[in-house]
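I have placed the structure first, in the form of structure tokens, so that the comments after it can refer back to it.
Chain letters run A, B, ... following the sequence lines, proteins first, then strands; residues in each count from 1.
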Amino acid sequence: MGLKNLGRTSRKNLVTYLIAVLAFVILEGMVLTGNISNMLEGQLVPICAYVIAAVSLNLTVGILGELSLGHAGFMSVGAFAGALFSVSMEDTITVTWLRFVLALIIGAVAAGAMGVLIGIPVLRLQGDYLAIVTLAFGEIIKNVLNAVYLGVDENGLHFSMKDSIALGLSENGKVLIKGAQGIVGTPRDSTFIWGFALVMLTLFIVLNLIKSRTGRAVMSIRDNRIAAESVGINITKYKMIAFSLSAALAGVAGVLYAHSFSSLVASKFDYNLSIQILVFVVLGGIGSIRGSMIAAAVLTVLPEMLRSFSEYRMLVYAIVLIVMMIFNQSPKMVEWRKRVFAGRLKGAGHNAAKKGGA
Amino acid sequence: MKKFLSLALALCLAVSMAACGGSASSSAATSDTASAAVSGSAASAGAIKIGVSGPLTGSAAQYGEGVANGVQLAVEEINAMGGIQFEYRAEDDVADPESAVNAYNTLMDWGMQLFAGTVTSDACIAAAELANEDNVFMMTPSATAVEAIAYPNAFRMCFSDPNQGAASAQYIGDHQLATKVAVIYDSSSTYSSGIYENFAAAAADNGFEIVAAEAFTSDSNQDFSVQLQAAQSAGAELVFLPIYYSEASLILSQANTMGYAPQFFGCDGLDGILNAENFDTSLAEGVLLLTPYVPGVDEVTTEFTEKYTEKFGIAPNQFAANAYDVVYAMKAACEAAGVTADMSASDICDAILGVIGDVEISGVTGASISWDAESGEPNKEPRAVVIRDGAYTAPNDAADAQEAPAEDASSVAAESVSEAA
């Protein structure tokens with residue numbers, strides 16, 4: 001038994017899990033021993049949320065091969081569904097973990113359902129057209145959530161798209177979603193341990209899906225749609241599975257994110273966030289789950305580490321991003337890296353052989 | 001090959017994280033010098049550290065800049081006086097809750113003892129949660145949402161949304177400015193929709209009717225002809241604009257183009273309209289606004305306006321004025337509570353909470369400002385301003401409007417200013 005008996009993919013996946021576990025152990029150790037700055041500690045949960053979002057988007061972009069520019073929309077659906085549940089159940093369910101698990105399930109289901117709903121028209125398109133339509137849907141979701149007012153009193157739920165006066169709440173009523181102000185007072189249930197557990201769950205789901213029969217079918221659609229169709233693969237079904245699963249996982253990321261801050265506004269989930277998640281995926285390497293994970297973590301921490309540049313912080317961030325992108329993905333750089341690394345390895349091997357000979 | 005690379009990357013990640021965790025104090029020290037350009041105040045041994053968090057970049061940057069400048073001016077003045085010494089640091093939060101939490105944590109790593117933030121409401125709600133957990137005294141210069149100061153350790157210098165909405169409705173009712181009112185507001189802004197809702201709720205009690213309530217969002221804030229036409233066809237005599245001046249300047253220009261000239265009425269967000277880019281200030285003639293900060297209303301504000309303009313090369317807005325007062329309020333509270341720089345943030349908070357109910361200051365946003373220790377809301381008079389000949393002046397009936405005896409002195413001063421103008 002040993003690593004050698006495992007297949008190549010299994011070994012690669014094992015390394016991915018190990019990286020996540022290692023990062024968790026180091027960071028959790030720092031938290032427990034108090035060797036962590038407030039700044040980094042406060043970012044642990046958002047990092048986990050972004051990692052999940054990036055890995056789930058990689059499912060659409062890397063595995064299904066369709067460019068989606070509306071991923072933040074699914075995240076916001078999950079975030080609002082989960083936070084709404086937690087806010088309204090705060091007094092009823094006092095067991096934190098139970099409330100959070102239910103919120104996660106609700107957020108995932110809501111985002112997944114939205115994924116199916118949007119997938120029906122969107123997946124009929126391909127390439128650039130699909131990308132633009134997902135962008136539009138992301139904006140629609142944001143703007144609708146921005147206009148929703150929802151309140152509750154003894155007569156039940158009240159809904160309005162105008163303002164909170166139009167809800168007509170009685171005196172004991174409580175406004176749950178306040179339009180632009182979003183949801184206020186979400187219990188801060190998500191912890192780093194929860195975040196880590198959800199990252200592992202996401203990795204488990206996505207990595208296993210890729211290896212499975214379904215995953216191979218999805219990738220065959222990406223590689224050659226006509227060939228896949230000709231061997232009898234149900235294109236619509238597999239596309240829909242990948243797209244809605246990706247949306248549901250984004251919903252999980254949204255729930256995790258929403259429960260780490262006490263105020264949740266829809267305007268956060270605009271196309272900037274969608275693009276940001278896409279940047280994680282592209283930088284990490286399209287199709288590389290491990291890359292998405294690392295890129296999401298690094299790029300989330302980076303702007304905070306650059307605070308000493310004050311106003312020039314985002315400028316420096318952009319420059320660092322360009323440099324990293326070139327280093328990671330430019331063909332010349334890849335070639336150079338391969339040459340340098342391969343040369344070294346070859347050299348080492350050569351030396352060893354010489355030694356053996358002597 | 002790929003494995004090596006990713007391992008190396010993972011290692012880099014771990015190292016960089018460890019570095020930023022382990023050396024919190026040293027990184028704070030280096031960024032101290034780096035942010036010297038922002039803070040501009042020399043770190044002295046016995047200085048109490050004030051943290052500021054606001055949008056220093058992005059679309060709301062002018063609000064954060066105003067606050068940072070106001071704090072800087074006040075800190076420098078106070079340090080020059082001797083006595084209590086302050087040190088401050090401003091962090092960027094782009095008006096976003098997530099960044100505000102990061103900014104707050106960065107400030108805590110720096111050793112913040114008093115929190116003067118955050119500038120915008122959504123961000124403030126998120127940061128207030130943490131400030132409450134850490135028991136840090138906070139006073140926001142400009143977060144107007146009710147929930148922003150939900151906790152007992154949180155106070156504010158500006159008026160809340162309900163307060164502004166209700167005060168505007170009352171002013172219109174008391175002065176019988178109109179019976180048919182239209183409102184144009186930004187439904188995607190917490191500030192704007194918050195004021196609008198409270199204004200609408202108070203309309204009936206003050207004897208006027210809202211004939212048109214037209215919303216726009218931050219995605220569509222360039223063309224207001226539809227909203228203005230709705231207001232015009234509904235026969236509104238007064239248009240209430242609970243929005244920021246950048247949009248209001250467009251509304252005024254477009255209303256002028258279509259030949260619609262109702263009375264325009266705004267809140268503190270309209271403050272600054274005379275400095276809006278590419279805006280013909282004659283269009284703002286006769287606009288009424290309710291704001292705490294009126295340049296030139298009394299000696300204190302005149303002096304503040306001059307100093308600020310000289311230092312930063314731009315006229316102060318109400319954010320700067322509120323922030324300036326926040327620092328002076330913190331000074332008064334620290335003096336009353338006997339706070340010293342070596343106390344922990346939590347001890348300072350407890351000490352200040354014991355005395356805050358008795359603290360009263362005279363600042364640029366009010367001749368007499370005190371706080372309700374329970375709710376954290378300030379007690380100060382809103383001042384009405386009318387724009388005349390390209391300058392903010394007190395309306396002629398200021399004496400009638402401000403019946404509070406404490407305001408007599410300032411309203412007399414206002415009278416003389418408006419006569420001079």
Item to complete: For residues B/M108 and A/E41, determine if any side-chain heavy atom of one lies less than 4.5 Å from a side-chain heavy atom of the other.
Response: no
Item to complete: Report the residue from B/L130, B/L107, B/D109 that forms a side chain to side chain contact (heavy atoms under 4.5 Å, CB included) with A/N38.
Response: B/D109
Worksheet item: Checking side chain to side chain contact (heavy atoms under 4.5 Å, CB included) for the pair A/M314/B/V94: CA distance, chi angles, key distance, verdict?
Response: CA-CA 11 Å; A/M314 291 326 274; B/V94 220; over 6 Å; no
Which atoms of [X] come close to chain A, meaning under 4.5 Å heavy atom to heavy atom: side chain ones, backbone ones, both, or neither?
| X | value |
| --- | --- |
| B/N102 | both |
| B/A150 | neither |
| B/S189 | backbone |
| B/E197 | both |
| B/T106 | both |

Discussion item. Between A/D270 and chain B, with a heavy-atom cut-off of 4.5 Å, which part of the residue counts as in contact: side chain, backbone, both or neither?
Written reply: neither
Worksheet item: With a 4.5 angstrom heavy-atom cut-off, which part of A/Y149 approaches chain B: side chain, backbone, both or neither?
Response: side chain
Item to complete: Would you please name every residue forming a ring pair (Phe, Tyr, Trp, His ring centres under 6.0 Å) with B/F208, sequence neighbours left out?
Response: B/F199
Discussion item. Any salt bridge linking B/E133 with A/R188? Criterion: basic side-chain nitrogen under 4.0 Å from a carboxylate oxygen.
Written reply: yes
Worksheet item: Passes side chain to side chain contact (heavy atoms under 4.5 Å, CB included), B/E91 versus A/M39? Steps please.
Response: CA-CA 12 Å; B/E91 284 296 342; A/M39 188 267 279; over 6 Å; no
Worksheet item: Between A/S263 and B/P97, what is the shortest heavy-atom contact and its length?
Response: OG-CG, 3.5 Å
